[in-house]
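In this chain, numbering begins with 1 at the start of the sequence shown.
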Amino acid sequence: MFRAAAAGVLGFILIFVESMIVMKLKGYATIEFGGIAPFINVWAMNFFFVFAILTQLTNWYGSKNRLEEDQSY
């Protein structure tokens with residue numbers, strides 16, 4: 001549940017970061033997304049991107065802790 005909420009917020013923030021990068025590279029003052037539907041499509045793409053990264057980080061952290069606990073000297 002936390003991953004979905006974090007991915008939603010970070011996906012929305014990522015839209016603005018991507019927009020700023022495009023505006024700086026192209027020299028634009030504003031960006032027109034073309035309506036709400038394209039904006040939601042970009043947000044959904046960013047949502048699933050961030051959700052996949054958070055899932056991998058969660059799995060990595062869990063396996064890292066298991067390996068540390070299994071090493072009993």
Side-chain angles (χ1 to χ4, degrees):
M1 189 70 175
F2 174 75
R3 279 183 295 172
V9 172
L10 291 174
F12 190 72
I13 292 171
L14 196 56
I15 290 174
F16 293 105
V17 172
E18 293 167 348
S19 299
M20 288 299 207
I21 291 170
V22 169
M23 287 191 303
K24 293 292 181 186
L25 289 176
K26 300 255 185 187
Y28 295 161
T30 61
I31 290 183
E32 176 66 37
F33 286 99
I36 193 72
F39 184 80
I40 296 296
N41 287 338
V42 172
W43 176 79
M45 179 181 62
N46 289 338
F47 172 85
F48 288 113
F49 178 67
V50 172
F51 188 81
I53 290 173
L54 291 175
T55 301
Q56 284 298 107
L57 286 174
T58 303
N59 292 339
W60 170 77
Y61 186 72
S63 66
K64 178 183 164 199
N65 282 343
R66 275 191 303 254
L67 288 174
E68 289 176 357
E69 291 172 358
D70 289 343
Q71 294 177 358
S72 58
Y73 293 99

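In this structure Thr55 satisfies the side-chain hydrogen bond (donor to acceptor under 3.5 Å, both in side chains) test together with Arg3, sequence neighbours excluded.
Cluster membership for Leu10 and Ile40, using ILVMFWY side-chain heavy atoms within less than 4.5 angstrom, is not shared. A single hydrophobic cluster is not seen to contain both Leu14 and Val22; linkage of ILVMFWY side chains at heavy-atom distances under 4.5 Å, directly or through other members, places them apart. Following chains of ILVMFWY side-chain contacts shorter than 4.5 Å, one can reach Tyr28 starting from Met20, so the two form part of one hydrophobic cluster.
If you take CD1 on Ile13 and CG on Asn46, they are separated by 11.0 Å, rounding to the nearest 0.5 Å.
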Side-chain donor-acceptor contacts of residues 29-38 below 3.5 Å, not counting sequence neighbours, with atom names and distances?
from	atom 1	to	atom 2	distance (Å)
Glu32	OE2	Gly34	N	3.4

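Considering every non-hydrogen atom in both Leu54 and Ala6, the closest pair reads CD1-CB, 3.9 Å.
Ring planes of Phe12 and Phe16: perpendicular class, angle over 60° (limits at 30 and 60°).
Counted within 6.0 Å of CZ on Phe49, heavy atoms from surrounding residues, nucleotides or ligands total 12 or fewer; the atom is thus considered open. Under a cut-off of 6.0 angstrom, the local environment of CE in Met45 is crowded, with over 12 non-hydrogen atoms contributed by other residues, nucleotides or ligands.
Taking the ring centroids of Phe47 and Trp43, they lie under the 6.0 Å cut-off.
Grouped with Trp60 in one hydrophobic cluster are Tyr61, the linkage being side-chain heavy-atom contacts under 4.5 Å among Ile, Leu, Val, Met, Phe, Trp and Tyr residues.
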